[in-house]
Amino acid sequence: MDKRFSEMNKEELRTAIAQLSEKARRAEQMGMVNEFSVHERRIALAKSYLLNPANYTPGASYEIDGDPGSTFVIDYMNGTFAWGFREGNETIEAFPISMLIKKEQQ
């Protein structure tokens, strides 16, 4: 992959995601945990470019994919990254928007 995800069109992003998914699957089968994690993060980043950042609202609560029960509140958006805080934590963090799941209002 010579292009940045931000320079790819939707079809190129889907192809890149498929290639990274295959690499992640192979790394997992071979027990290469670190390589698997890198591919998973790159997949999440690529998927973020298929989403509209305008759909993610500062002040709204989201669950973090892969961390059930954890609540993340967006402070501000920067491109395809949401910056904010986990509930009960004062350290600011950033997540690709593809990792955020809108919490159901109850």
Side-chain angles (χ1 to χ4, degrees):
M1 289 178 268
D2 298 316
K3 283 183 171 181
R4 294 176 180 219
F5 293 139
S6 61
E7 298 170 339
M8 293 182 182
N9 64 37
K10 289 184 186 234
E11 189 57 39
E12 289 171 322
L13 285 166
R14 288 186 189 97
T15 300
I17 290 167
Q19 290 171 345
L20 288 167
S21 295
E22 179 60 25
K23 287 180 181 180
R25 185 188 63 75
R26 278 186 268 148
E28 184 178 35
Q29 287 177 341
M30 295 174 63
M32 301 168 73
V33 179
N34 290 339
E35 186 173 332
F36 173 76
S37 295
V38 168
H39 293 311
E40 286 292 299
R41 289 295 180 182
R42 293 195 70 211
I43 290 166
L45 183 57
K47 285 181 178 179
S48 293
Y49 283 95
L50 294 173
L51 302 173
N52 183 357
N55 293 337
Y56 295 81
T57 311
S61 295
Y62 296 84
E63 288 183 28
I64 301 168
D65 188 24
D67 190 4
S70 183
T71 301
F72 180 78
V73 179
I74 297 176
D75 188 44
Y76 67 94
M77 297 292 299
N78 187 357
T80 59
F81 276 84
W83 289 80
F85 302 90
R86 290 184 201 227
E87 190 173 294
N89 194 342
E90 295 182 15
T91 305
I92 194 163
E93 298 180 73
F95 288 97
I97 58 176
S98 67
M99 292 184 67
L100 301 179
I101 303 163
K102 182 71 174 165
K103 289 189 76 154
E104 297 299 320
Q105 301 300 324
Q106 298 178 353

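All values below come from the heavy atoms of this structure, side chains included, with hydrogens, waters and symmetry mates left out.
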Could you tell me if the side chain of [Y] sits less than 4.5 Å from the side chain of [X], heavy atoms only?
X: L45; Y: T80; value: yes
X: L50; Y: K10; value: yes
X: S61; Y: F72; value: no
X: Y49; Y: E12; value: no
X: I97; Y: M77; value: yes
X: V38; Y: R41; value: no
X: F85; Y: I92; value: yes

Taking atom CG as the centre, does N9 end up with more than 12 heavy-atom neighbours from other residues, nucleotides or ligands that are less than 6.0 angstrom away?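 Yes, the 6.0 Å shell around CG holds more than 12 heavy atoms from other groups.
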Looking at Q29, I want to see if its CD is surrounded by more than 12 non-hydrogen atoms of other residues, nucleotides or ligands under 6.0 Å.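 Yes, CD of Q29 has more than 12 neighbouring heavy atoms, counting only those of other groups under 6.0 Å.
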Do the ring centers of Y56 and Y62 come within less than 6.0 Å of each other?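 Yes, the ring centres sit under 6.0 Å apart.
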Treating Ile, Leu, Val, Met, Phe, Trp and Tyr as nodes and any side-chain heavy-atom pair under 4.5 angstrom as an edge, say whether [X] and [Y] lie in one connected cluster.
X: L20; Y: L13; answer: yes
X: I17; Y: M99; answer: no
X: L51; Y: I43; answer: no

Please name the pair of heavy atoms, one in [X] and one in [Y], separated by the smallest distance, quoted to 0.1 Å.
X: K47; Y: S98; answer: CB-CB, 3.7 Å
X: A44; Y: P96; answer: O-CB, 4.0 Å
X: R86; Y: F95; answer: NH2-CZ, 3.3 Å

Atom pair [atom1] ([X]) and [atom2] ([Y]), whose distance is rounded to the nearest 0.5 Å:
X: L100; Y: I64; atom1: CG; atom2: CD1; result: 7.0 Å
X: H39; Y: N34; atom1: NE2; atom2: CG; result: 11.0 Å
X: F81; Y: E93; atom1: CZ; atom2: CD; result: 12.5 Å
X: E40; Y: S21; atom1: CD; atom2: OG; result: 7.0 Å

Plane angle bin for W83 and Y76 - parallel if under 30°, tilted between 30 and 60°, otherwise perpendicular: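 Y76 and W83: parallel rings.
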Can a donor-acceptor pair be found, under 3.5 Å and without considering hydrogens, that links the side chain of E22 to the backbone of Q19?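 No; zero donor-acceptor contacts below 3.5 Å.
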N-O pairing of R25 and E28 below 4.0 Å: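 Salt bridge between R25 and E28, a charged N being under 4.0 Å from a carboxylate O: no.
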